[in-house]
Every structure is written in structure tokens, then in C-alpha cells.
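First the proteins, then the strands, lettered A, B, ... as listed; each starts at 1. What you see is a predicted model, and the numbers here were worked out from it, not measured in a lab.
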Amino acid sequence: MKQRATKRTLNQYSYWQYTVLIVTLFIMLLSALPSWFGESPAMQINHNKVEQTHPYLVLDPLAMQRQLVEQGVHVKQIKQDNENTWVVLEDASQLPLARQVLTESAALPDQDLPITLASVANAPQWLSALGFKPIALGLDLRGGVQFLLDVDMAPVYQGQTDQVRKEINTWLREHKIRGAQFSAMSADGFSIYLADSGQRSELTQHLKRQYPNWQVSLTGERLKVERQAAEHLALRNLTVQQNLQIMRSRIEELGITEASVQRQGEHRIRIELPGVQDPAQAKNVIGATASLAFYQVLADQALAGKTLLDEQGRPVRVAQAPVLTGEHIVDARASLGEMGMPEVNITLDQQGGRMMAEFSRQNIGKPMATAYSEYSRNAKGEVTQSHKIISVATIQSGLGAKFRITGTGSMQDAQSLALLLRAGSLTAPVTIVEERTIGPTLGAENISNGFAALTLGLGMTLVFMALWYRRLGWIANVALLANMVMLFGLLALIPGAVLTLPGIAGLVLTVGMAVDTNVLIFERIRDKLKQGNSMARAIDSGFSSATSTIFDANFTTMITAIVLYSIGNGPIQGFALTLGLGLLTSMFTGIFASRAMINWFWGNDARRSVRI
Amino acid sequence: MTQVLDRLFTRLLNKHNASQWRYGSSVISILLVCISLFFIATKGFNWGLDFTGGVVSEIQLSQPISSSEISPLLEAGLGQKVSVVASDEPGRWVIRYAVPEDMNASAASIETLLAPLSGEVQVLNTSIVGPQVGQELAEQGGLALLVSMMCIMVYLSIRFEWRLALGSLVALVHDVVFVLGFFALSQMEFNLTVLAAVLAILGYSLNDSIIIADRIRELLRLQPDSALADVNNQAIKATFTRTMITSGTTLMTVSALWLLGGAPLAGFAIAMFIGILAGTWSSISVGTSLPEVLGLRAEHYQEVALPDSP
């Protein structure tokens with residue numbers, strides 16, 4: 001379309017094309033600006049949370065400032081609005097000290113102040129108000145701790161298989177079928193040898209009815225019972241999801257606003273904790289173990305028992321000893337019940353089923369509470385324990401090994417309850433397989449090194465282009481600077497885009513390669529001029545003949561950028577991102593923006609034998 | 001300015017000796033690839049932490065202390081052999097050792113182990129990579145290399161006649177092997193960032209080859225009766241200024257990275273630098289000479305003329 005337009009009137013861009021160009025560049029400039037101002041480390045103190053733990057504490061900004069400065073903390077700013085107080089510091093390494101000072105000054109020194117670590121943009125208010133944010137920096141640039149956890153699925157598969165095997169064995173005994181021989185195949189299945197064909201088909205019927213997620217096949221006198229591939233996948237997803245949920249809630253306690261917990265690949269979890277300098281505390285929190293128990297709820301607070309709090313902080317009086325502990329739970333899944341109400345289906349193992357049957361028969365119509373406990377180590381290495389009632393439900397009828405809990409609220413609530421219930425028993429062992437700590441000084445050093453290299457590279461390229469191509473060189477230089485602005489603007493705009501140290505290397509490479517687009521075009525224009533064309537004609541055919549070559553040449557780099565992005569890990573993805581985006585922006589500025597400028601200056605230049 | 005380069009080019013390479021230049025440099029290229037392969041085979045790579053797994057810590061000491069004072073303290077505390085190497089900057093040390101048995105437990109920190117030393121000890125960064133993860137990263141890296149190569153091959157075979165495509169591909173393999181050979185010879189650490197550089201080289205090395213191949217195709221269509229060697233020389237001459245300028249600016253920025261980027265990017269910058277040099281060299285030598293050997297002729301482009309001729 002563009003080409004057709006240029007053929008009608010040579011070298012003329014319409015007003016809308018200039019408008020698109022200028023508006024795009026302007027928005028990108030606005031988007032890139034906050035990154036120029038950067039971010040400062042800060043502590044966020046939520047007033048509502050403070051009220052809960054320190055009811056009489058008054059957060060006076062002036063007093064806080066004085067206390068902090070006395071201890072040698074460089075405070076940049078303390079802001080207060082209706083909900084939060086923000087303490088903005090100069091230096092991230094002083095965060096632990098500042099936190100300590102504020103906690104000690106609070107009225108209750110033994111209880112931590114609810115402080116979360118955050119960062120605050122330095123850009124003027126109006127930029128933030130427009131929704132423009134600084135570029136998100138990777139951990140290698142801002143400092144922090146990163147863990148990669150491996151969720152070991154083998155015990156989960158084995159556990160479920162063993163459970164099914166045990167259940168079938170019980171069923172056989174109950175139906176007086178003898179002579180069945182079990183033999184293990186793998187974690188995903190087993191086989192049963194049964195000589196009598198009548199009994200065999202009876203068993204097959206039972207299996208098909210009772211275990212829809214399992215594949216039953218007959219070879220000779222042997223029944224093969226295997227987990228279906230879809231179930232294999234579902235079980236893995238559920239287990240990883242459950243661990244993600246647990247990790248998220250545990251990380252929340254660390255009080256880091258920008259912490260991220262994400263699934264990586266099939267059975268890995270990546271945890272990034274920006275600003276954290278000591279991995280030990282985070283490790284304790286991550287490594288906490290959870291357990292679950294069902295309790296009889298006591299009607300009277302005076303009865304002998306213990307009091308636990310529920311999620312809203314209300315006390316619930318329960319019996320001293322639990323009816324059943326979570327290790328008996330084999331499975332728990334949320335679903336929609338007969339009436340369309342969300343419910344949680346729980347499967348207990350044999351022993352648990354017997355215990356539950358006995359208890360529920362005697363307590364029909366009475367409430368039963370489910371409690372979630374977590375054991376973790378605190379900063380001093382002591383084991384601490386926390387209990388929480390997650391649901392109270394009324395027993396409607398005698399329960400067996402399989403029962404359901406209704407009245408759990410929305411489907412989402414049912415799902416999270418199911419996750420928590422599964423956490424009691426099915427939890428796959430989680431191990432830390434990678435741990436990286438980057439100190440804040442090193443992060444800052446990486447940024448300054450990277451940008452020093454970028455500045456030098458950019459400076460040399462600009463000088464070279466100006467000297468070599470003179471007037472056209474200035475066009476290329478403006479295009480190159482516009483390219484950088486767009487690249488930074490895009491990095492800040494694209495959600496999830498993170499700038500890493502290899503990402504800065506990608507920026508530097510882009511500077512060197514971006515001029516290629518202009519060089520290709522200029523060389524073509526030069527050729528056409530040599531052939532005796534007028535300047536205007538040379539510009540037109542120069543651009544059109546170079547464009548396909550430019551696409552060709554950039555395409556292969558784009559392939560590697562995409563492959564790198566899809567296969568690589570964090571820092572490498574940062575490189576692939578700047579590399580790929582750099583190609584796109586350099587084509588935009590190199591072809592579109594520089595054409596606009598050249599049209600403006602030389603569009604109607606009919607001179608021949610111009611030297612450029 | 002441009003005229004200077006042109007004159008230089010014509011003086012060095014005139015119509016008669018340009019082909020000799022190309023053939024000569026192709027022979028050099030083949031020799032260099034053989035030497036590189038020899039080093040890769042005999043010396044292997046100094047794999048970085050990303051691939052081997054292990055623990056690497058960087059520390060800053062406020063007092064000048066020698067490695068003979070640091071090592072015994074750490075080896076006693078960690079119960080294993082520890083490598084202590086001085087970093088580029090004064091007072092900085094890189095400590096490397098094997099992953100402890102249980103990664104979930106917090107091992108004794110380096111700060112406490114080095115407490116007996118005089119002065120302050122600051123741990124700048126620590127990376128612990130489990131052996132399993134290292135293995136996976138190595139596999140993923142290999143996979144990335146393979147997938148990129150495959151995609152590029154598919155693209156080239158669609159875009160160009162197979163003889164030209166093969167020329168570009170051989171030039172590409174030449175560049176990668178040469179960079180790998182350098183890393184084997186120098187025993188510089190081969191880590192994930194270097195691998196990223198090698199993959200970027202895949203893309204960039206093709207730039208030059210593709211631009212020259214584009215010209216060859218264009219010229220073959222315009223002058224079907226010319227000898228291929230002449231067409232190749234013409235194509236190289238026509239693109240020579242561009243090749244020099246782009247390689248030049250890229251080399252400049254990569255050197256800036258090498259100079260100022262600091263230790264973490266040094267391997268990357270060096271790999272890119274060598275890769276771009278090799279890429280420029282090979283696109284002129286092997287990339288154009290191989291199609292001649294394979295018998296590329298003008299009619300190959302007349303038959304498969306694409307509708308979107310540039």
C-alpha cells in the first residue's frame with residue numbers, strides 16, 4: 001500500500017503517516033521516561049495491618065525520619081496517605097537496618113511491624129498517574145534471591161498406585177475372591193493374575209465402574225491396571241498447582257511486594273525475591289512442612305480442649321486430640337455437587353475410613369472442624385508452629401472412606417480448600433535445585449557497567465555515522481536514537497518484560513546492528529545516484545530495493561531470538577527479548593522513520609550527480 | 001570516505017585476482033575449522049556453573065589477603081576441595097566448590113567461615129546449581145542450537161537455490177566452530193551467556209551471507225551470460241562497503257561491551273567479537289566459493305525465478 005502511494009507522488013508521506021510516526025514516538029518517549037528516573041528502595045507500612053498488631057502506635061513521619069537518621073540511615077522521603085506510609089531510602093543495602101530501627105521504636109518490640117519491602121518510582125507524579133512505569137529489572141540487576149524448586153512426582157504416583165492396589169485387594173477379600181496375584185509394573189500401574197474367568201470379568205466390571213481414570217486391559221489371564229495418560233497429567237498439574245499455592249501463601253509472609261512464584265516447565269517452581277539479601281530466612285519459610293487434622297468441635301468453651309482461630313480470627317473450641325490427621329487423606333478434589341453447589345470430595349485410606357466411619361456414626365448433626373498446621377523455622381532457627389481452622393462443617397450422615405464437605409462457599413473456595421486438604425498428605429517432596437543470590441551492590445555495578453558500555457557503543461556509532469555519511473548520517477543517527485527510545489519504551493510497556501544483564505548486552509548489539517538498515521538503504525541510494533538517477537528517484541528505488549534485503553537479513557536473527565526466548569531461562573530470555581524487539585524497532589525507525597525524514601529534506605530534490 | 005574504501009578494495013582485489021583471494025581465504029577457513037575442531041576434541045570446554053552444577057561465590061575482602069589464607073579456612077569448614085581464584089578487581093575472589101548433599105539445609109555461610117580473617121568480608125553473590133539442573137540446561141542449550149539451525153536451514157532452502165543456501169550454511173557452521181574452537185583453546189568459561197552469544201552469532205553470521213547471496217541472485221538474473229566467478233566478485237564488491245560498515249559498527253559496540261561491560265559479560269563480548277569477525281570473513285570466502293564448486297549457474301535462477309523479484 002505504501003509502495004503504491006509513493007509511486008503516485010514520489011517520496012511523499014501523507015499527513016496521517018507523519019501523525020502515526022510522531023504519536024508513536026511520543027508515546028514511547030513517555031513510556032521510556034520513568035526508567036530514566038529509576039526506582040528507589042522503599043518500605044511500605046500498611047495502616048490497617050498496624051492497627052491489628054499495634055493498636056496504639058502512631059506513625060509520625062517526622063519522628064520516624066529522626067530515628068532513622070540518628071541510626072545513619074539515608075532517608076530520601078517519607079510519604080503518608082490514608083492507607084500506607086512509605087519510607088523511601090537512598091540505598092537498598094540499608095533496608096534491613098531501617099526495618100530494625102522502625103521495629104525497635106514500635107511499642108511492641110517483640111512483635112514485628114507489618115513492613116513490606118517495595119520500590120517506588122522516582123519519576124514525576126504526572127508520569128506515574130498516566131500509568132507509565134519504569135522497566136522491570138531482573139534479579140541480576142537489582143539484587144535478590146532466586147530459588148528453583150523441583151517437585152518430585154514419583155512418590156505421588158507411587159502412593160496413588162499403592163492406594164488403588166490396596167483398595168482392590170480389600171474389595172476382593174470382601175467379595176470372597178481368592179487366588180488373585182498382584183505384581184507391580186511401574187509407578188503407573190500393576191497387573192492382577194486371576195485364574196477364574198467369571199471372577200475376572202466381575203473384577204473388570206468393578207474396576208471400570210469404580211476407577212474411571214484407570215485403564216483396564218486383559219492379556220491372557222492377567223488384568224493390566226494402568227493410570228491413564230490424562231490422569232497422569234492431571235495429577236502432576238494438581239500437585240504442582242498445590243505446591244505453587246502453598247509457596248505463594250508462605251512467601252506472602254516474607255513481606256515482599258514484588259516477589260514472584262511461578263511454575264517453570266513441567267514440575268519446577270521458580271521463586272524470585274527481589275531485595276532479599278539473606279537466603280537463609282527465605283529457605284526456612286519455603287521448607288516449612290504442613291499438616292492437616294479433623295477435630296470434633298466442642299459446643300461449650302468451658303469443655304476440656306483447645307482453642308484455635310479461624311481465618312477471620314474467630315476462636316473455635318475443639319477437642320484436644322484430632323479425630324483423624326491428614327496423612328490418612330489420599331485425595332481431595334473440588335467439584336460441583338448434585339444441587340450445583342461446590343463441594344470437596346475427600347478420599348481417605350482404609351484405616352482413616354474406619355476411624356471416620358466410627359466417629360461420624362456417633363456424631364451425626366454435630367460440627368467437625370478442619371485445621372491446617374504449619375511448622376517452620378523462624379529467623380533464629382527455632383521451630384515455630386501455626387494452626388488455623390480452615391473449615392467447620394456439619395456431619396450429615398455416617399461417613400466412610402469417601403465423603404464430601406459441602407457449604408464451603410464458592411467454587412474457588414472449594415478449590416483452595418481441596419488444595420489445602422491435599423497438602424496434608426499428597427504433597428510431593430519439594431527440593432531446592434538452584435539458588436542464586438545477587439547482592440545489591442553487585443546489581444548496581446552490573447547496571448552501571450552495562451549502561452557505560454551502551455553509552456560508549458552508542459557514542460562511537462553516532463560519531464562514526466556522522467563522519468562517514470555526513471548529512472545522511474545524521475538521519476541515521478536520529479533514527480538510531482529514536483530506536484533506543486522505542487526499545488526502552490516497549491520494554492517498559494510490555495507486561496512481563498524484564499531487563500537483565502544479558503538483556504543490556506542485547507541492547508548494545510542492537511545499536512551496532514541497527515545502523516545496518518540505514519547503511520543498506522544508503523548504499524543502494526548511492527548506487528542509483530551513480531547510475532545517473534536524480535536524488536528523488538534514487539531515494540525511491542534505493543528504499544524499495546533495500547527493503548526486501550533488510551527483511552531477509554533480519555529474519556534469521558529473529559528466528560534465533562524466538563528460539564532463545566522459548567527455550568532459555570530468565571537472563572537469557574532477557575537477551576532474546578531485547579534482541580528480538582531491537583530488530584522490530586530498528587526496522588520501524590530505519591525504514592519508516594528515516595524515510596519520513598529523508599522525504600522531508602530531499603523528497604523533491606531533482607538534482608543529479610549529488611554526492612552523498 | 002566511501003571512495004577511499006572503494007579504492008582500497010579495487011587496489012587489493014581487481015578483476016583478475018579477486019577469485020584467487022576468495023579461494024585462498026577459503027582454504028585458510030578450512031584449515032582454521034580443522035584446527036578448531038582439533039582443539040574442541042582434545043581440550044574440550046571449561047564448562048561454567050550453569051552446566052556443571054556446583055556453588056560459585058564472589059566475595060569482597062577489605063584487606064589484602066592471599067588465597068593461601070582463604071583456602072584452608074574454607075576447606076576445613078566445608079569439608080571439601082575449594083577453588084579460590086582472584087577476580088579482576090582488587091580484593092575480590094571467586095570461590096567455587098561442589099554442591100553440598102542437602103541443598104534445602106542452609107550450610108555454614110562463607111562469611112562465618114572467613115570470620116577469622118582480618119578485615120571485613122562481604123559476599124557479593126552466590127549461585128548454587130544442582131547437578132540435575134545443570135544437565136538440563138546443557139540439554140536445553142543443545143536443543144536451542146539444533147532447533148535454530150533447523151529453522152534457519154528450512155528458511156534458507158525456501159528462500160535461495162540450494163547451492164547458495166549450502167554456501168551460507170557452511171559459512172555459518174564455520175563461524176560457530178571457530179568460536180567454539182577459541183573457547184576450547186583459551187579454556188575461557190563456557191556458560192549460558194556465551195551460549196546465547198553463539199546463538200546470536202547464528203543469526204548475525206547469516207546477515208552478511210544473505211545480503212551477498214541476494215546480490216548474486218539479482219546479478220544472475222540481470223546478466224545470465226556472465227561467468228559465476230565474475231558475478232560473485234561483483235556481488236562482493238557491491239556489498240563490500242556495507243559489510244565493512246556494519247561489521248565495523250557492530251565490532252565497535254561489542255568492544256565497548258568487552259571494555260566496560262564487566263566480568264559477567266566478558267565471555268559474551270569476546271564470543272560475539274570473534275563470531276562477527278569470522279562471519280564477515282566466511283561470508284566473503286566460503287559462502288560464495290562453495291556455490292561455484294557446486295556448480296551454481298545462471299539458469300538455476302531463471303527456472304525458479306520468484307514472482308517477488310527484488
Using non-hydrogen atoms and a 4.5 Å limit, figure out which bit of A:Val508 sits close to chain B: side chain, backbone, both or neither. both
In terms of heavy-atom pairs under 4.5 Å with chain A, which of B:Leu145, B:Ile211, B:Leu206 leads? B:Ile211
Segment of B:Leu259 engaging chain A (4.5 angstrom heavy-atom cut-off): side chain
B:Glu139 portion near chain A, given a 4.5 angstrom heavy-atom threshold: neither
Engaged part of B:Met272 at the chain A interface, taking heavy atoms whose separation is under 4.5 Å: side chain
Heavy-atom distance under 4.5 Å to chain A: side chain of B:Leu260, backbone, both or neither? both
Part of A:Ile504 within contact of chain B (heavy atom distance under 4.5 Å): neither
Between B:Tyr204 and A:Asp516, do the side chains contain an N or O donor and an N or O acceptor separated by less than 3.5 Å? no
Please state whether the side chain, the backbone, both or neither of A:Leu509 comes within less than 4.5 Å of a heavy atom of chain B. both
Structural part of A:Leu501 lying under 4.5 Å from a heavy atom of chain B: both
Could you check which of A:Ile559, A:Asp140, A:Leu149, A:Asp527 has the highest count of heavy-atom pairs closer than 4.5 Å to chain B? A:Ile559
Looking only at side-chain N and O atoms, does A:Thr437 offer a donor or acceptor that is under 3.5 Å from a partner on B:Asn125? no
Donor-acceptor check, side chain of B:Thr253 to backbone of A:Gly457, threshold 3.5 angstrom: yes or no? no
Taking side chain as everything from C-beta outward and backbone as N, CA, C, O, which of these in B:Gln122 sits under 4.5 Å from a heavy atom of chain A? Side chain, backbone, both or neither. side chain
Portion of B:Phe268 that has a non-hydrogen atom of chain A nearer than 4.5 angstrom: side chain
